[in-house]
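What follows is a short report on a single structure.
Throughout, residue positions are numbered sequentially from 1 according to the sequence presented. Whatever order the structure lists them in is the order used to number ligands and atoms, beginning at 1.
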Amino acid sequence: MKIYAHRGYSGRYPENTMLAFQEAAKTGCDGIELDVQLTKDGQVVVIHDETIDRTTNGTGRVVDYSFQELEKFNAAARYEGKYDFCPIPSFEEYLKWAAGEKLVTNIEIKTGVYYYEALEEKTIQLVRQYGLEDRVFFSSFNHMSLVKVKELAPNALCGALLEHSGIGNAGYYCSRFGFGAYHPGYKGLTEKEVKGCHERGVKVNVWTVNDMNTLEQLYDWGCDGIFTNYPSICKAWVDSKEK
Ligand code: G3P
Ligand code: CA
């Protein structure tokens, strides 16, 4: 079972920052999950919310700032001095770093709340620019964005994100749209649904797993991957099972 660091090593470091990604890489986890949105001047940036209020010392919508304006805010602000200034990274800065690492990256396209015109195109173009096509997979709660990714990059692996309630017959749903993976929240998932996905060749990657009971259950069900804020503990546990 693969361990993906959710928003980087976000259990200990400011989420979706280069610090959180670099610290995740040190844990030996299999990959990193991050979220992308678009600035006013059309730059792809790594941030979870549509606004900067929760994670930085600024306020307002990502889409109302240019990247130059946005990178002045401190994404480590809520840690109150524990960490030095951490800017919101551009997706390009992340890719430049990731190109020198062995990790894979799950790019979540954040078009579920605010629809960013051309976010899919710009994201794929940057991935191609850094030659990382084989080391990324895409996900989104907006499955139309995934359909678009498949149109632009037919070989790209896409994971359909669902809330905890999931979707009935997930294996059929995903394979019908050419999505190679199902990404449900862990609460409503059943062993039967995992089996149904596997029978149709669909991988199951589950979010966001931060307790050992859930980790163990998903491992026993044969899930393919989990997203966690604590990659160090989860990776060590999985390694101990597989030795
Ligand atoms: O990909 C799993 C997870 O990241 C989805 O939820 O809200 O953390 O982006 P969220
Ligand atoms: Ca995410």
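The protein heavy-atom contact nearest to atom 5 (C) of ligand 1 is Glu108 OE1, 3.6 Å. With hydrogens left out, the protein atom closest to atom 4 (O) of ligand 1 is Glu33 OE2, 2.7 Å, a heavy atom. Atom 7 (O) of ligand 1 has its closest protein heavy atom at His48 NE2, 2.7 Å. With hydrogens left out, the protein atom closest to atom 3 (C) of ligand 1 is His6 NE2, 3.5 Å, a heavy atom.
Residues passing the side-chain hydrogen bond (donor to acceptor under 3.5 Å, both in side chains) test with Gln68: none are found, sequence neighbours excluded.
Shown in contact with Lys110 at under 4.0 Å from a heavy atom are these atoms of ligand 1, numbered in order with element: 7 (O), 9 (O), 10 (P). For ligand 1, the atoms lying closer than 4.0 Å to a non-hydrogen atom of Arg7 are 7 (O), 8 (O), 10 (P). Within ligand 1, the atoms closer than 4.0 Å to a non-hydrogen atom of Asp35 are 9 (O), numbered from 1 in the order shown.
Between the Ser66 side chain and the Glu69 main chain, a donor and an acceptor come within less than 3.5 Å of each other. In this structure, the side chain of Arg61 does not engage the main chain of Glu50 through any donor-acceptor pair within 3.5 Å. At distances below 3.5 Å, not a single donor-acceptor pair connects side-chain atoms of Asp53 with backbone N or O atoms of Thr59.
Residues Ser90 and Gln43 bring no donor and acceptor atom of their side chains to less than 3.5 Å of each other. A donor-acceptor contact closer than 3.5 angstrom is absent between the side chains of Asn74 and Thr56.
Every heavy atom of His183 sits 4.0 Å or more from the atoms of ligand 1.
Shown are Thr105, Asp134, Ile107; of these, the side chain to side chain contact (heavy atoms under 4.5 Å, CB included) with Val127 is made only by Ile107.
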With a cut-off of 3.5 Å and sequence neighbours excluded, list every side-chain donor-acceptor pair involving residues 213-220.
unit_1, atom_1, unit_2, atom_2, d
Thr214, OG1, Asp211, OD1, 2.7
Thr214, OG1, Asp211, OD2, 3.0
Tyr219, OH, Glu242, OE2, 3.4

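Residues Phe177 and His143 keep their aromatic ring centres 6.0 Å or farther apart.
Taking distances strictly below 3.0 Å, the protein N/O/S atoms close to the Ca ion (ligand 2) are Glu33 OE2, Asp35 OD1, Glu108 OE1.
If you chain together ILVMFWY residues whose side-chain heavy atoms come under 4.5 Å of each other, Phe137 ends up grouped with Tyr4, Val104, Phe141, Leu157, Leu161, Trp207, Phe227.
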